[in-house]
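Only this structure's heavy atoms are used, side chains among them; waters, hydrogens and symmetry mates stay out. Sequence lines set the chain letters: A, B, ... in the order given, protein chains first and strands last, and positions in each chain run from 1.
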2 protein chains.
Amino acid sequence: MRSAPPVDDLTAKARIRDAAIRRFAVDGMGASIRAIAADAGVSPALVMHHFGSRAGLREACDAYVHAQIREHKTAAMRADPSATALLVQLAQLEDYAPLVGYTIRALQAGGEGARRFVEQAVADAVAYLAEGEAAGTVRPSRDPEARARWMAESALGALLLQAPALEEHMDLAELPRWLRAYAMRVLLPALELYTEPLLTDASMLDAFLRARDAYEDPGPEERGP
Amino acid sequence: MRSAPPVDDLTAKARIRDAAIRRFAVDGMGASIRAIAADAGVSPALVMHHFGSRAGLREACDAYVHAQIREHKTAAMRADPSATALLVQLAQLEDYAPLVGYTIRALQAGGEGARRFVEQAVADAVAYLAEGEAAGTVRPSRDPEARARWMAESALGALLLQAPALEEHMDLAELPRWLRAYAMRVLLPALELYTEPLLTDASMLDAFLRARDAYEDPGPEERGP
DNA sequence: TAGGATGCTGAACGTGCGTTCAGCCCCGCC
DNA sequence: GGCGGGGCTGAACGCACGTTCAGCATCCTA
């Protein structure tokens, strides 16, 4: 039962890494090394042997997931960069459920792993919006970077906030269906908001701009050192 | 040092509850009962005596924080319901930092505690937007409930996503300053987005509506049971 | 003044965790 | 054919945790 051929199918190190990604996705980032080792069919000691420590395993998973997502994303964009292809993408991510689940758990856990992923998403949003602006489909902004950041952070954040509806135990088989349902629920209000202005006039925006200027540039007599 | 007068200032049970709220805010919902007891100047056993278990303590904190926030919020709204008063509010929440920190941690931890808070925020948003629509400052929506939900969830989610920049250890003294800075950073793109449409035409919205109709209402010949 | 309730504690128990370590097995090389 | 080394394990260590429990003060009541 143990040892077996040097490769069962995958090398043991890879099996541990894959099991860890699944377990982290299902149970959250607090999943125990013992559970991961059991899933991979190895002893906890072997996990330490290959990855040094729990932190080392996390780093290896982070790096692998990042690489996989980047690869899949560029491939998908090359195939069909249209925005409506998004729904098709969502329907097809059965195979990538562990990656998506892991990413959600990483965002939930915070720290450096979450920060890196968010910054990547923001950078993508900046590029998308700049493209749209150049093509004339997106309006220019007073601060394109801030707008892109707000859109990326609110979209990711709303997903993260809703994801714990999947509660402590996350069902990877259900995740693609859940994501598609979530998208259907959210796309109407989001697109509506992005197409027809919420507010009927600019009075709130103007008021904020005035307040901000007053805050950042108070009268000269009250200006401190 | 122990026993002392029946009330030191606060009853021991209240001191434990307050210490727990602070510790949960600072260290996250995984904070240990031993640490909470030490902060409150009591033994871990007393925590169990008063709250029965860790879960009981969490419930007591949740109930107290909910009540406090609701009370403070209605008081503030009674004083000045204008939207620009929001910035003033943010500057004045030094005293409420533990409550805000606890709420962020509760959202981060997920589960029932998070769900309840989100639903409350959604309900508030529905009411606000309905008021605005009645007053003519907010445009009507195809689905007002969904729009309010999206706005509330994305705003809360973006905050939650950015909050782990405060990393594992959350500094309650710094939190009000941080929140104000966050608001200043986010209000411009958000208000801009709500005032001037992002997209220059309705083609994406129309495409989504068509795609949704086709998905939900396929041709009669392919309709299943 | 007796007696019981209440507030509270110190010490301990059991559990699950990450991690360590001595050593086994088996493969490829000399 | 011996042997060194990498892959791998079982057992254990140390720790932190939530929780339990017997018992000590203190106070209210009768």
message: What I'd like to find out is whether the side chain of B:Leu193 reaches to under 4.5 Å of the side chain of A:Leu198, using heavy atoms alone.
response: no

Backbone N/O of [Y] and side chain of [X]: donor-acceptor pair under 3.5 Å:
X	Y	answer
B:Glu153	A:Gln162	no
A:Thr11	A:Ala14	no
A:Arg105	A:Met29	no

Residue whose nearest DNA chain C nucleotide is more 5′ - B:Lys13 or A:Ile33: B:Lys13

For atom [atom1] of [X] and atom [atom2] of [N], their distance in whole Å:
X	N	atom1	atom2	result
A:Arg15	D:dG7	CZ	P	13 Å
B:Leu46	D:dA25	CG	P	17 Å
A:Asp27	C:dC17	CG	C1'	15 Å

Are any protein N/O atoms closer than 3.5 Å to N/O atoms in nucleotides 10-15 of chain D? If there are, list each pair with its distance.
none

query: Using a heavy-atom distance cut-off of less than 4.0 Å, which residues of residues 47-62 of chain A contact DNA chain C?
result: A:Met48, A:Ser53, A:Arg54

Residue whose closest nucleotide on DNA chain D lies nearer the 5' end, A:Val42 versus B:Pro44: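 The 5'-side residue here is A:Val42.
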
Below 4.0 Å: OP1/OP2 of C:dC17 and any side-chain N or O of A:Ser32: yes

- prompt: Between B:Asp18 and B:Arg22, is the closest basic N to carboxylate O distance under 4.0 Å?
  reply: no

- prompt: Should the pair A:Arg116-A:Glu119 be classified as a salt bridge under the 4.0 Å nitrogen-to-oxygen rule?
  reply: no

task: Look at the aromatic rings of A:Tyr96 and A:His72 and report parallel, tilted or perpendicular, splitting at 30° and 60°.
output: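 Answer is parallel, since the angle falls under 30°.
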
field: B:Arg23 side, atom CZ; B:Ile36 side, atom CD1 - distance, nearest 0.5 Å
entry: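 Atom-to-atom, B:Arg23:CZ and B:Ile36:CD1 are 8.0 Å apart.
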
